[in-house]
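Single-structure report; data block below.
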Amino acid sequence: MSANIPPEGGVLGLLKPPGMTSHDVVHACRSLLGTRNVGHTGTLDPLAAGVLPLVFGPATRLSEQLAWPAKVYRAEAVFGIRTDSGDLEGQVVAEDDSEATEITLDLVRAAGERLVGRRLQVPSPFSARKVNGRRLYQLARRGRVRERHLREAAREIEVYSVRVLGSGPLSWGKHAARPAALLEFVCSGGTYVRQLVEELAAGLGTVACLSFLVRTACAGIRAADCVTLDDVAMPSAALPYDRFGCAWRRPAQAVGFLPVVVVGPNTARQVGHGVAITGRAGERRDPGFPVDASADGWLAIVDEAMRLVALARAEGGEGRDGGCLPRLQPRKVFQPC
């Protein structure tokens, strides 16, 4: 690992520019920061821009947990035109110039509300979802996407809210003057906004595609707290938390959405050896611990210096008085013993 990356690693909020793949960004940061141990969580399609959390060192093992929090997107839907890629960069496959199709703010808002909830979503052929080790957009560019590929790539998603931020005619490009709406989606990881926009349009009796897509929050990181590749490219000998400020998060900060248990030095050493402890071994920082406090009962165990020691699962256990005590079983250990 680079001398500029702390041994515990960390998470960097970066704004991905449109046109680059998420892997392109990782490759660039490996070169710029002089370390190979870099990954990302929350893949963005090449068209999309916005928050791309990068994980460094031991924090690469947090990718699964960082995929849990809701993601927030802003997108402009252009009505009356559908493309093979779901955005204005694709080939037009359907147009609707019917004057009978009314696009009003209230109608768009009502159609958006109907999208809220859980469903099985089939991704666009131009999405970054992998099938047999290949990205769908790589297969689509070669004309090799089949229906079975899309079925295999289907995932259950949840839409938490859809807000209509504004509406009016598109103001640029060859499709200018078509009706458009600026939307904000709050949804689970793995959701493809292109499909949501097409579903929303279908609810209005028309077709639509995206003119742009920006992710404004991911893994608890907001766009305002991110750096750019230009920032990363600037030479500096400073450590990331001094150089990047609030854009850099220590591992314990990165999983701050989990319930936290603080333990002393002796218990931290036990946990570092993978020894399970009871809830009495630490101070609970979350009043809801451990019932339904996180996906699948996960929580974070940190030492008194607020360094992440381990991610643990809360399991049932028998107390001396016959009652049940939470048993914390370390699953991912981060601090050396």
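Just so it is clear, the values below take in all heavy atoms, side chains as well, and ignore hydrogens, waters and symmetry mates.
By the 30° and 60° cut-offs, the orientation of the rings of W68 relative to W298 is tilted.
Side chain of R82 to backbone of A94: no donor-acceptor contact under 3.5 angstrom is found. In this structure a side-chain-to-backbone donor-acceptor pair under 3.5 Å is present from R30 to V38. A donor-acceptor distance shorter than 3.5 angstrom exists from the side chain of D96 to the backbone of S98, with no hydrogens or angles considered. A donor-acceptor contact shorter than 3.5 Å links the side chain of D303 to the backbone of M306. No donor-acceptor distance shorter than 3.5 angstrom exists from the side chain of E113 to the backbone of A110, with no hydrogens or angles considered. Between the side chain of N37 and the main chain of F56, no donor-acceptor pair closer than 3.5 Å is present. Remark: side-chain polar atoms of K16 are paired, donor with acceptor, to backbone N or O of A48 under 3.5 angstrom. Distance alone, capped at 3.5 Å, places no donor-acceptor pair between the K332 side chain and the A312 backbone. Within the 3.5 Å criterion, the main-chain N or O of L44 finds a donor-acceptor partner in the side chain of S22. With hydrogens and angles ignored, the 3.5 Å screen pairs a side-chain donor or acceptor of S63 with a backbone N or O of T60.
With hydrogens and angles left out, the side-chain atoms of D106 and T104 include no donor and acceptor closer than 3.5 Å.
For S188 against Y160, the heavy-atom pair with the smallest separation is N-CE1, 3.6 Å. Between G189 and I157, the shortest heavy-atom contact is O-CG2, 4.4 Å. Heavy-atom minimum distance, P251 versus A59: CG-CB, 4.4 Å. Closest of all the heavy-atom pairs between R194 and D87 is NH2-OD2, 3.0 Å. Minimum interatomic distance between L299 and P259 (heavy atoms only, all atoms of both residues): CB-O, 3.4 Å. Of all heavy-atom pairs between L308 and V302, the closest is CA-CG1, 4.1 Å.
Two different hydrophobic clusters hold L165 and L204 under the rule that ILVMFWY side chains link at heavy-atom gaps under 4.5 Å. Hydrophobic clustering (ILVMFWY, side-chain heavy atoms < 4.5 Å, transitive): L107 and L196 are in one cluster. Connection of L183 to V207 is not established within any shared hydrophobic cluster, with ILVMFWY side chains joined at heavy-atom distances below 4.5 Å, either directly or through further cluster members. Linking ILVMFWY residues whenever their side-chain heavy atoms come closer than 4.5 Å, directly or via other members, places L328 and V263 in the same cluster. One hydrophobic cluster holds both L52 and M20 under the rule that ILVMFWY side chains link at heavy-atom gaps under 4.5 Å.
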task = Starting from the C-alpha separation in whole Å, work towards a yes-or-no answer on side chain to side chain contact (heavy atoms under 4.5 Å, CB included) for W172 and S211.
result = CA-CA 10 Å; W172 58 275; S211 69; 3.8 Å; yes

task = Determine, stepwise, if the pair T191 / Q121 fulfils side chain to side chain contact (heavy atoms under 4.5 Å, CB included).
result = CA-CA 8 Å; T191 302; Q121 186 185 61; 4.2 Å; yes

request  = Let me see the working for V197 and F185 under side chain to side chain contact (heavy atoms under 4.5 Å, CB included), right down to the final yes or no.
outcome  = CA-CA 10 Å; V197 166; F185 296 90; 4.2 Å; yes

message = Evaluate R269 against N266 for side chain to side chain contact (heavy atoms under 4.5 Å, CB included), listing each step before the verdict.
response = CA-CA 5 Å; R269 280 191 290 272; N266 293 334; 2.2 Å; yes

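A salt bridge between E8 and R250 is present, with a side-chain N of the basic residue lying under 4.0 Å from a carboxylate O of the acidic one.
A310 meets the side-chain contact (heavy atoms from CB on, under 4.5 Å) test with V271, P330, V333; sequence neighbours excluded. Partners of E156 by side-chain contact (heavy atoms from CB on, under 4.5 Å), not counting sequence neighbours, listed by chain and number: R118.
Put simply, the side chain of F334 reaches to within 4.5 Å of the side chain of L62, judged on heavy atoms. With contacts defined as side-chain heavy-atom distances shorter than 4.5 Å, the pair L88/L210 does not qualify. For the pair R109 and L105, the minimum side-chain heavy-atom distance is below 4.5 Å. Inter-residue side-chain proximity for P240 and I5 is flagged as met; some heavy-atom pair is nearer than 4.5 Å. Taking 4.5 Å as the limit, some side-chain heavy atom of I301 sits within range of a side-chain heavy atom of I277. V55 is not listed as a side-chain neighbour of H40, based on a closest heavy-atom distance of 4.5 Å or more. Two residues are said to be in side-chain contact when any heavy atoms from C-beta on lie closer than 4.5 Å; V227 and L12 meet this criterion. Considering only heavy atoms from C-beta on, T83 stays 4.5 Å or farther from Q91 through its side chain.
Annotation: the span from L15 atom CG to L229 atom CG amounts to 9.5 Å, rounded to 0.5 Å. Between the CG atom in L14 and the CZ atom in F244 there is a gap of 8.5 Å [rounded to 0.5 Å]. A distance of 10.5 Å separates CD in Q195 from CZ in R119, rounded to the nearest 0.5 Å. Rounding to the nearest 0.5 Å places CG of L182 at 9.5 Å from OG of S167. The CZ atom of R331 sits 11.5 Å away from the CD atom of E64 when rounded to the nearest 0.5 Å. From T216, atom OG1 reaches atom OH of Y73 across 9.5 Å, with rounding to the nearest 0.5 Å.
No cation-pi contact links R178 to F79, judged by a cut-off of 6.0 Å to the six-membered ring centre and 45° from its axis.
Applying the side-chain hydrogen bond (donor to acceptor under 3.5 Å, both in side chains) rule to pairs touching residues 231-248 yields T228-D231, sequence neighbours excluded.
Around the CZ atom of R222, the shell of radius 6.0 Å holds no more than 12 heavy atoms that belong to other residues, nucleotides or ligands.
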